[in-house]
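These numbers come from a predicted model, not from an experiment.
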Amino acid sequence: MVKENITARFCELSHLAPDEAASYSALISSAEACFTRLLNRDPEGDEIPLCEYAAACKAFYDYAVLIAASEKTYSSKTGGLFAKTSDSGTVKFAENLWQQSLAALPAGLITDGGFVFEGVAG
């Protein structure tokens, strides 16, 4: 997987210009690392673009959560202040996109990362 390809796909999903997306390079790297931990093996051939897209979807989901959690403060022309939080619809859309990108991957390429514990020694 190539980080530049993941970043380009993230820009497409988030509608950010590449210079704006540079501000989120740590988020993109974190999403790439998270996705890489799910891989059972190295992707080959046609699987690589699908994996890059899935990693970009993970980055977009993380970005949507970050933006939704950010409170924005505005002032009116009369001097009043008010706060607005983002709609959670974008977060739900981003989560669905992330899950669909994982479902599009070939069987056996990734592990199911939906459960909190990967293993328990007892």
Side-chain angles (χ1 to χ4, degrees):
M1 292 191 315
V2 179
K3 185 173 181 179
E4 290 79 23
N5 294 344
I6 296 169
T7 302
R9 288 310 208 72
F10 171 76
C11 289
E12 293 171 7
L13 293 169
S14 63
H15 300 285
L16 293 174
D19 58 330
E20 293 172 315
S23 300
Y24 298 98
S25 63
L27 182 139
I28 295 168
S29 295
S30 175
E32 179 184 10
C34 178
F35 177 77
T36 302
R37 283 193 304 274
L38 296 177
L39 291 173
N40 290 327
R41 60 178 172 78
D42 289 334
E44 303 168 347
D46 293 342
E47 297 171 340
I48 295 171
L50 291 173
C51 289
E52 290 171 343
Y53 178 71
C57 287
K58 172 63 173 146
F60 177 63
Y61 172 69
D62 292 347
Y63 169 77
V65 169
L66 177 68
I67 295 302
S70 301
E71 183 177 88
K72 296 177 175 63
T73 305
Y74 300 94
S75 62
S76 68
K77 291 180 181 179
T78 59
L81 292 174
F82 62 95
K84 179 181 177 184
T85 56
S86 299
D87 181 23
S88 64
T90 303
V91 174
K92 290 177 187 175
F93 167 77
E95 182 180 17
N96 286 339
L97 192 63
W98 161 238
Q99 294 301 323
Q100 289 173 6
S101 70
L102 293 179
L105 295 172
L109 182 61
I110 61 168
T111 59
D112 180 18
F115 191 63
V116 175
F117 301 105
E118 292 182 16
V120 178

(request) Look up atom OH in Y24 and atom CG in L16, then write down how far apart they are to the nearest 0.5 Å. (result) 6.5 Å
(message) Restricting to non-hydrogen atoms, name the atom on N40 and the atom on G108 that form the minimum distance, rounded to 0.1 Å.
(response) ND2-O, 3.0 Å
(request) Nearest 0.5 Å please: distance from the NZ atom of K58 over to the CD atom of Q99. (result) 9.5 Å
(message) If hydrophobic clusters are built from ILVMFWY residues whose side chains come within less than 4.5 Å, do I48 and L38 share one?
(response) no
(message) Within a 6.0 Å radius of atom CG on N96, are there more than 12 heavy atoms belonging to other residues, nucleotides or ligands?
(response) yes
(message) I'd like to check L102 versus F35 (side-chain heavy atoms, cut-off strictly below 4.5 Å). Are they in contact?
(response) yes
(message) Is it the case that the side chain of E47 and the backbone of L105 share a donor-acceptor pair, with hydrogens and angles ignored and the cut-off at 3.5 Å?
(response) no
(request) Decide yes or no for Y53 and L97: does some side-chain heavy atom of the first lie under 4.5 Å from some side-chain heavy atom of the second? (result) yes
(message) Quick check: is L66 connected to W98 through a chain of hydrophobic side chains (ILVMFWY, heavy atoms under 4.5 Å apart)?
(response) yes
(request) Please round to the nearest 0.5 Å and tell me the distance separating atom CZ of R9 and atom CD of E4. (result) 14.5 Å
(message) Could you work out, with salt bridge (Lys or Arg N to Asp or Glu O under 4.0 Å) as the rule, every residue matching E20, not counting sequence neighbours?
(response) none
(message) If we ignore hydrogens and angles and just use 3.5 Å, is the side chain of S30 paired with the main-chain N or O of A26 as donor and acceptor?
(response) no
(message) Working to the nearest 0.5 angstrom, can you tell me the gap between F10 CZ and K3 NZ?
(response) 11.0 Å
(request) Search all heavy atoms of P18 against all heavy atoms of C11 and return the closest pair with its distance. (result) CA-SG, 3.9 Å
(request) Using a cut-off of 6.0 Å, state whether more than 12 heavy atoms not belonging to D46 lie near its atom CG. (result) no
(request) State, to 0.1 Å, how close L27 and A59 come at their nearest heavy-atom pair, and which atoms those are. (result) CD2-O, 3.2 Å
(request) Compare every heavy atom of E52 with every heavy atom of I6, then report the nearest pair and how far apart it is. (result) CG1-O, 3.8 Å
(message) Minimum heavy-atom separation for A68 and V91, please, with both atom names.
(response) CB-CG2, 3.6 Å
(request) To the nearest 0.5 Å, tell me how far C57 SG sits from D62 CG. (result) 11.5 Å
(request) Kindly compute the distance separating CG (L50) from CG (L109), expressed to the nearest 0.5 Å. (result) 9.0 Å
